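What follows is a single structure, written as structure tokens, with notes after it.
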Amino acid sequence: MKKPTIIIGKKQIIMSCLTLMLAVAVYINYASAPSLSKSESKQTSSTSSGDVINYGESEFVNSDLSAASDYFAQARLDKMNNRDEAVQTLQTIIGGGDLTENEMVVNAIDAVGVSKLIESEGTIESLVRAQGFEDCVAYLDGESAKIVVKTEGLSKAQAASIKEIILGETEISAENIRIFEVK
């Protein structure tokens with residue numbers, strides 16, 4: 001009978017390190033979490049008409065934001081939700097049952113196109129903010145570009161520099177680029 005040998009390979013070392021890192025992260029999260037006292041952890045659950053149900057305290061931390069900042073935050077959130085839905089739909093289509101080889105290739109190309117648009121939007125937003133604008137949101141659909149910029153007044157030179165950024169990053173024609181300003 002052959003004596004079993006223990007061979008430790010790269011995979012075992014990597015898995016051990018990842019497991020150890022996960023355990024350390026869980027411990028640090030547990031140790032740094034604020035502890036609740038008994039009075040804080042109790043919640044009233046009486047439903048009589050005179051009782052008040054208290055599930056915790058909350059504080060609105062973004063109370064100093066202007067309407068323009070709210071617009072940009074909401075626009076980014078809406079754009080991210082729309083893109084997530086599009087990606088989920090494409091993944092569902094790609095993972096669908098009765099697709100031919102050609103349909104799967106077309107769906108994969110569409111998924112790559114969506115990811116390129118998302119990457120281009122992020123790059124355009126970063127480059128426009130680097131031009132000195134306070135905030136920016138870019139919307140690309142492959143055929144047109146819409147850019148919303150937070151500014152007090154947009155000069156022709158600034159608009160030209162924004163168009164230059166878009167033309168350098170995408171293959172959209174100049175007449176399909178729209179720039180909007182929010183004050």
Side-chain angles (χ1 to χ4, degrees), residues 10-11 14-15 17-18 21-22 24-26 28-29 32 58-183:
K10 290 180 184 178
K11 290 181 182 179
I14 291 171
M15 291 300 290
C17 290
L18 289 174
M21 287 174 28
L22 180 63
V24 169
V26 168
I28 290 172
N29 189 23
S32 65
S58 65
E59 180 180 344
F60 186 60
V61 295
N62 294 331
S63 60
D64 294 330
L65 291 177
S66 67
S69 297
D70 289 341
Y71 169 78
F72 284 102
Q74 186 63 40
R76 281 194 181 88
L77 184 63
D78 291 343
K79 183 171 72 168
M80 187 171 53
N81 288 338
N82 289 339
R83 293 292 185 186
D84 288 344
E85 288 176 12
V87 168
Q88 186 177 17
T89 302
L90 284 173
Q91 287 175 344
T92 303
I93 291 172
I94 289 173
D98 298 332
L99 294 178
T100 65
E101 185 80 22
N102 291 337
E103 290 173 334
M104 290 179 67
V105 169
V106 169
N107 291 339
I109 290 172
D110 289 344
V112 169
V114 168
S115 67
K116 284 183 181 180
L117 286 176
I118 292 170
E119 182 180 340
S120 295
E121 285 175 346
T123 303
I124 289 169
E125 290 172 2
S126 297
L127 291 173
V128 169
R129 282 193 298 267
Q131 291 277 330
F133 293 101
E134 190 174 337
D135 210 346
C136 172
V137 177
Y139 299 98
L140 301 176
D141 64 6
E143 298 172 1
S144 66
K146 296 171 186 72
I147 309 297
V148 181
V149 181
K150 183 176 181 182
T151 181
E152 290 299 320
L154 191 65
S155 69
K156 288 184 180 183
Q158 290 172 327
S161 68
I162 293 172
K163 276 192 177 186
E164 183 92 14
I165 290 170
I166 297 167
L167 292 173
E169 186 63 31
T170 64
E171 296 179 6
I172 296 172
S173 62
E175 59 268 0
N176 291 335
I177 297 174
R178 300 290 180 256
I179 302 171
F180 303 95
E181 61 180 326
V182 174
K183 296 181 182 184

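A quick note: this is a predicted structure, and the numbers were derived from the prediction, not measured.
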Write down the atom of [X], the atom of [Y], and the distance for their closest heavy-atom approach.
{"X": "N176", "Y": "E143", "result": "ND2-O, 3.2 Å"}
{"X": "I147", "Y": "A138", "result": "CD1-CB, 3.5 Å"}
{"X": "S155", "Y": "Q158", "result": "N-OE1, 3.0 Å"}
{"X": "I172", "Y": "S144", "result": "CD1-O, 3.5 Å"}
{"X": "A174", "Y": "L167", "result": "N-CD2, 4.0 Å"}
{"X": "K163", "Y": "I177", "result": "CG-CG2, 4.0 Å"}

Hey, could you give me the [atom1]/[atom2] distance between [X] and [Y], rounded to the nearest 0.5 Å?
{"X": "I165", "Y": "L127", "atom1": "CD1", "atom2": "CG", "value": "5.0 Å"}
{"X": "E125", "Y": "S120", "atom1": "CD", "atom2": "OG", "value": "11.0 Å"}
{"X": "E121", "Y": "T123", "atom1": "CD", "atom2": "OG1", "value": "10.0 Å"}

* Please check if atom CD in E119 has more than 12 non-hydrogen atoms from other residues, nucleotides or ligands closer than 6.0 Å. =>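 At most 12 heavy atoms, drawn from other residues, nucleotides or ligands, come within 6.0 Å of this atom.
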* N/O donor-acceptor pair under 3.5 Å between D135 side chain and K150 backbone -> no
Can you confirm whether [X] sits close enough to [Y] that some side-chain heavy atom of one is under 4.5 Å from a side-chain heavy atom of the other?
{"X": "T151", "Y": "E134", "answer": "no"}
{"X": "Q74", "Y": "L77", "answer": "yes"}
{"X": "L140", "Y": "E169", "answer": "no"}

